[in-house]
Amino acid sequence: MIPAIRACNVSLAYSDGDVTNYAVRDVSLEIPERGFFGIMGPSGSGKSSLLYLLSGLKQATAGEVIFRNRRYHPMSEREITQLRRECFGFVFQQPFLLNYLTALENVLAAAPPGDSSASERAQELLETLHIVHLRDKYPYHLSGGERQRVCVARAMINRPQIIFADEPTAALDHKNGHTVIDLLSSYRERGAVIVVTHDPEMLTGADRIFLMRDGELESVIEPAPQTSAV
Ligand SMILES: Nc1ncnc2c1ncn2[C@@H]1O[C@H](COP(=O)(O)OP(=O)(O)OP(=O)(O)O)[C@@H](O)[C@H]1O
Ligand SMILES: [Mg+2]
């Protein structure tokens, strides 16, 4: 089976005068078609940058990223944007919503045009995330954690092949953090879910955890499958 994403010796470098800083350096990894995957590491170790590279939001300065059989590099910006819209869902580290749309409308804005079941699905997602009663509110009337949950619903509405979630529980209390992770992790049957977090508890049951340090992939942990006691 071909992996969903393959990164081959990928780097993201920033030049500052004569100095080159690497946000990501020479990282190679594979993300299978389905599963729940984690990225951990200290602040500044390159976790967000790695997600941007894997999702084509940023172009690698060396190496390459391949989604199924398609290399990002020769693709035009327009093709990559279309690919992201159709195949990926993204939860950014900073909850970003359109202020002139309600919570529900923000979620629906990411749905494929003409998808008649999207509205029902959006409400179900908001319900699971305990914010369905806020569906008609505008973002500036929502708390940071409520906005973050709207972003999670928006990332899932188009039933993407891959969900990228950058610290999706950072603004949430323990209970709602678990609700978000349970929802994301349940998606593993359908596609690949890649979650950046500082909280190892959120990655209990992950299929693979990538540990970043100073822009490099320090190690890959493959936890033993959980067996239920009979
Ligand atoms: N636009 C940029 N220009 C220059 N350096 C950058 C830029 N964006 C990120 N960096 C640097 O790249 C490194 C990795 O940043 P990144 O945001 O990927 O870290 P992170 O692991 O996500 O951190 P955090 O846990 O704080 O979110 C940092 O040292 C950061 O300062
Ligand atoms: Mg980050």
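As the structure lists them, so they are numbered: ligands from 1, and atoms in each ligand from 1.
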shortest atom 4 (C) of ligand 1-to-protein heavy-atom contact is with Y14 CG, 3.4 Å
With the Mg ion (ligand 2) as the apex, the OG/OE1 angle for S48 and Q93 - to 10° | 80°
Under 4.0 Å from a heavy atom of H198: give me the atoms of ligand 1 that qualify, with their elements.
-> 25 (O)
How far is atom 29 (O) of ligand 1 from its nearest protein heavy atom, and which residue and atom is that?
-> G44 O, 3.7 Å
Does even one non-hydrogen atom of P42 get within less than 4.0 Å of ligand 1?
-> yes
Side chain to side chain contact (heavy atoms under 4.5 Å, CB included) evaluation trace for V180 with M202 = CA-CA 10 Å; V180 164; M202 296 298 170; over 6 Å; no
For atom 25 (O) of ligand 1, the protein heavy atom that lies nearest, with its residue and separation | K47 NZ, 2.7 Å
CG-CG distance between N106 and L97, expressed to the nearest 0.5 angstrom | 4.5 Å
From atom 14 (C) of ligand 1, is the closest protein heavy-atom distance below 4.0 Å?
-> yes
Taking atom types as modelled, find out whether E146 and H141 have a side-chain donor-acceptor pair closer than 3.5 angstrom.
-> no
Which heavy-atom pair separates S49 from V24 by the least distance, and what is that distance?
-> CB-CG2, 3.6 Å
Any donor-acceptor pair under 3.5 Å linking the side chain of Y72 with the backbone of L54?
-> yes
Taking only heavy atoms of S49 into account, list the atoms of ligand 1 that are under 4.0 Å away from them.
-> 14 (C), 15 (O), 16 (P), 18 (O)
In Å and rounded to the nearest 0.5 Å, what is the SG to CD distance from C151 to Q94?
-> 10.0 Å
Has M212 got any heavy atom lying under 4.0 angstrom from an atom of ligand 1?
-> no
Could you give the distance from CD (Q82) to CD (E77), rounded to the nearest 0.5 Å?
-> 12.5 Å
Close-contact set for ligand 1 against E167 heavy atoms, below 4.0 Å | 25 (O), 27 (O)
For ligand 1, the portion of Q93 having any non-hydrogen atom under 4.0 Å away | side chain
Under 3.5 Å, is there a donor-acceptor pair between the S28 and D26 side chains?
-> no
Atom 22 (O) of ligand 1 within contact range, any protein heavy atom under 4.0 Å = yes
In this structure, atom 26 (O) of ligand 1 is nearest to the protein heavy atom S43 OG, 2.6 Å
When only distance counts, is A23 in polar contact with ligand 1, meaning an N/O pair under 3.5 Å?
-> no
Mark yes or no for whether D115, through its side chain, and S117, through its backbone, hold a donor-acceptor pair below 3.5 Å.
-> yes
Residue S45 vicinity, atoms of ligand 1 by number, heavy atom under 4.0 Å | 19 (O), 21 (O)
Does ligand 1 have any atom that is closer than 4.0 Å to a heavy atom of G41?
-> no
For atom 17 (O) of ligand 1, the closest protein heavy atom turns out to be S48 CB, 3.8 Å
Between Y187 and R159, the two heavy atoms sitting closest are OH-C, 2.9 Å
What is the minimum heavy-atom distance between M40 and K47, and which atoms define it?
-> C-CD, 3.7 Å
